[in-house]
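Order of the sequence lines fixes the chain letters, A, B, ..., with proteins taken first and strands second; residue numbering starts at 1 for each chain.
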Amino acid sequence: MNFDWTVIWRNAPSLAEGTLLTVVLTTLTMAIAIPGGIVLALMRLSPIRAVSAASAGFVEFFRNLPLILVVYWAYYVMPVAFDVQFSAFTTGLAALAFNVSAYNSETFRAGIQSIRKGQVEAALALGMSRAQAVREVVLPQAVPRVLPVLASTWVSLFKDTSLVSVIAVGELAYTAMRIRSQTFRVLEMLTAMAAIYWALGYPQAKLVDWLHRKFRVME
Amino acid sequence: MDLDFTPLIESRQYLLEGLELTIVLSLATVAASLALGGAVGLARCYGPSSLRWFLVLYIDSMRAVPVLVVLVWTYFAFPILSGISLPPFWAALVALTLHIAAYVAEIVRAGITSVRPGQLRAALAIGMSRREAVVEIILPQAIIRMLPAFGSILSITIKDTAIAAVIAVPEYMKQSETVAGQSFHPIEVFSVAAIVYFLILFPVTRLVDMLYARVAHLGRS
Amino acid sequence: MTGPILSYCAVRKLFGQFVALDGVSFEIARGEVVCLIGPSGSGKSTLLRCTNGLETIDGGEIRFDGVPLPSNDAGARQIRQRMGMVFQNFELFPHKRVIDNVAIGPRIVLRMKDGLAVRRAEALLDKVGLSEKAGSYPANLSGGQQQRVAIARALAMEPELMLFDEPTSALDPETIGEVLNVMKRLADEGMTMLVVTHEMTFARRVANRVIVFERGTIVEDGPPTQIFETPRVERTRDFLSHLGWAG
């Protein structure tokens with residue numbers, strides 16, 4: 001049983017690229033899923049039944065499916081549905097973005113609903129429009145409540161990007177496993193993969209804890 | 001787009017066996033995670049402080065590393081290191097349990113710390129031993145608060161079993177993948193898989209929502 | 001500017017099956033201070049909330065300055081700018097400082113320039129006796145102080161009519177007085193006020209008129225001397241004696 005740990009060092013550039021793609025994928029997904037979540041939350045709170053139901057349906061759909069299945073499904077359905085050949089990256093991004101938007105919408109909805117009704121009434125009583133009331137009174141109070149949860153979602157998303165490796169997107173998990181297949185250095189590469197995720201994920205998890213402490217809502 | 005569902009009908013036995021395994025793996029994982037996670041959570045709250053740093057390291061590490069990585073490492077790397085080779089199902093069970101038990105431990109810790117400290121003091125004041133106080137007074141109150149989160153654990157576990165497909169555990173996701181690849185009808189196969197998972201998970205998430213609503217009125221006890 | 005500022009004509013309001021307001025009719029003239037009293041659930045607060053459109057009515061009509069309340073959003077907003085409302089739970093905006101709470105109406109709704117809005121806010125804070133708290137956040141103020149800021153916030157819009165929904169019910173006894181004093185000064189200055197309250201002393205001393213509600217209808221309507229000393233209706237007497245009001 002001989003190990004060759006230098007294989008990690010020799011493939012460092014590839015691993016770095018993979019890691020970078022993981023970060024890019026996470027960032028892009030959140031960039032889409034935050035506005036996406038807000039839109040879905042506002043739709044859910046709309047007095048128009050059809051709009052509210054559509055949003056609720058979308059959210060339920062993604063809450064109740066394994067993400068890996070969504071990734072596969074998107075990979076096969078998207079080209080047929082849109083008659084366009086998407087890259088694996090785009091497919092993976094779409095699957096992740098839809099999934100996280102659904103979770104974010106619940107976060108935003110809870111945040112918005114946690115604001116007392118009287119706050120909105122006081123704003124309306126001054127003559128503000130609903131939009132003004134939301135902008136001036138609801139959102140500024142909802143954001144500190146929502147931020148720690150969004151941070152947790154970010155960390156989960158960072159880990160979930162590993163799932164798009166199954167459709168050959170070159171993020172960290174795919175890259176590490178590819179190098180493993182090429183070099184047959186199984187223990188070394190898989191341990192390196194775990195170590196890199198750990199090194200990136202651990203501080204993020206600690207940051208989330210700090211955010212939760214800092215923004216602990218005092219009523 | 002013309003759909004052909006016959007491959008699904010032809011492979012239904014194969015797929016059903018996969019579904020069965022999904023359920024077995026999920027339930028086994030939940031049971032094992034509750035046991036391990038419960039033990040770790042209790043040890044964190046009431047165990048020797050010399051042990052705490054290790055438990056915290058374990059819990060935070062599982063928060064940092066993806067399930068996929070734990071699964072793959074357990075199945076491919078662990079045997080090389082230890083000489084023990086695990087069949088796919090058992091590797092998945094071990095990996096998923098280790099990963100999910102960390103979440104259970106956090107739920108247990110949160111549940112226990114949500115019970116007012118005065119409750120413990122009051123119990124000790126009437127002469128209960130520490131162990132009696134925890135078992136009779138703290139845990140019952142804590143467990144009620146933990147129930148909705150435990151429901152989420154079931155939901156998360158079922159979803160995570162689908163990832164075990166990458167280490168060739170013949171659960172429902174893997175079987176679907178195989179049928180899709182062989183029949184060249186991935187859309188039909190995966191669409192049905194989506195419906196099946198939805199039908200399994202929807203009642204669970206509904207139950208969890210109901211439980212959360214029921215315990216919502218309980219603040220700090 | 002003649003005619004009543006507010007007139008209610010057979011106003012009905014339902015919450016599902018429950019009849020909150022059952023044919024309420026009366027008028028308020030400019031400069032009048034009217035107190036609505038009555039048991040909980042009798043419809044007093046509901047009437048107030050229908051007046052500025054926070055609730056819609058299911059029957060009858062409410063006229064403000066001779067014009068029926070508009071049913072469209074933009075119209076309702078216009079009307080609300082002319083009425084001020086003070087809530088039982090103050091509802092100050094916790095994420096804004098006191099001065100910004102008072103200035104927010106002029107700033108956002110009247111689109112006033114910052115400097116002007118702040119000057120108006122400072123003057124009003126001075127009027128309610130809280131100039132030194134301008135830079136503080138609501139959480140650092142007592143209940144009575146918060147309510148006085150809430151009054152200043154409503155006044156910043158220079159309303160023609162002030163609605164008070166149990167303004168002192170959530171206050172400690174020690175701080176009730178400071179809020180009632182501000183309200184009395186407002187009344188003395190000629191503000192038209194519609195006040196839902198349990199503070200009988202205030203009603204007795206400051207109101208021009210007291211209207212007694214019970215189960216969504218008006219039981220009695222008259223000057224305080226009548227209501228408190230020589231009520232004409234049995235139910236009024238019952239309600240007051242229930243409160244231990246010895247006159």
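Residues from residues 194-202 of chain B that place a non-hydrogen atom less than 4.5 Å from a non-hydrogen atom of chain A comprise B/Ala194, B/Tyr197, B/Phe198, B/Leu201, B/Phe202, given in numerical order. For residues 156-172 of chain B, a heavy-atom distance under 4.5 Å to chain A picks out B/Lys159, B/Ala162, B/Ile163, B/Val166, given by residue number.
At a 4.5 Å heavy-atom cutoff, B/Ile59 makes no contact with chain A through either its backbone or its side chain. Looking at A/Ala205, both its backbone and its side chain come within 4.5 Å of chain B, counting heavy atoms on both sides. Heavy atoms closer than 4.5 Å to chain A are found in both the backbone and the side chain of B/Ser191.
For the atom pair B/Leu68 CG and A/Asp160 CG, the distance stands at 10.0 Å (nearest 0.5 Å). Atom CD1 of B/Ile187 and atom OH of A/Tyr75 lie 12.5 Å apart (nearest 0.5 Å). To the nearest 0.5 Å, atoms CD1 (A/Ile68) and CD (B/Glu177) are separated by 7.0 Å. To the nearest 0.5 Å, atom OH of residue A/Tyr72 and atom CZ of residue B/Phe190 are 6.5 Å apart.
Residues B/Leu57 and A/Tyr202 form a side-chain contact, since some pair of their non-hydrogen atoms from C-beta on lies under 4.5 Å apart.
Heavy-atom neighbours of A/Trp73 CH2 from other residues, nucleotides or ligands within 6.0 Å: at or below the threshold of 12. Applying the 6.0 Å contact sphere to OH of B/Tyr46 captures more than 12 heavy atoms from other residues, nucleotides or ligands. Within 6.0 Å of CH2 in B/Trp90 there are 12 or fewer heavy atoms belonging to other residues, nucleotides or ligands. Heavy atoms from other residues, nucleotides or ligands lying under 6.0 Å from CZ of B/Phe150 number more than 12. Dense packing is recorded around CZ of B/Arg206, with more than 12 heavy atoms of other residues, nucleotides or ligands lying under 6.0 Å away.
When each of A/Val155, A/Val166, A/Thr191 is checked for heavy-atom pairs under 4.5 Å with chain B, A/Thr191 comes out on top. Put simply, of A/Met189, A/Gln204, A/Lys206, A/Glu60, the one with the most heavy-atom pairs under 4.5 Å next to chain B is A/Glu60.
Shortest non-hydrogen contact noted between A/Leu187 and B/Ile80 is N-CD1, 4.0 Å. Scanning both residues, B/Ala64 and A/Trp198, for their nearest heavy atoms gives CB-O, 4.1 Å.
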(request) Output, in order, the C-alpha distance, side-chain angles, deciding distance and verdict of side-chain contact (heavy atoms from CB on, under 4.5 Å) for A/Arg63 and B/Asp209. (result) CA-CA 12 Å; A/Arg63 273 177 83 190; B/Asp209 284 345; 3.1 Å; yes
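Judged by distance alone, with hydrogens and angles left aside, the side-chain atoms of A/Lys159 form a donor-acceptor pair with the main-chain N or O of B/Arg63 at under 3.5 Å.
With a 6.0 Å cutoff to the six-membered ring centre and a 45° limit on the axis angle, A/Arg180 counts as a cation-pi contact of B/Phe76.
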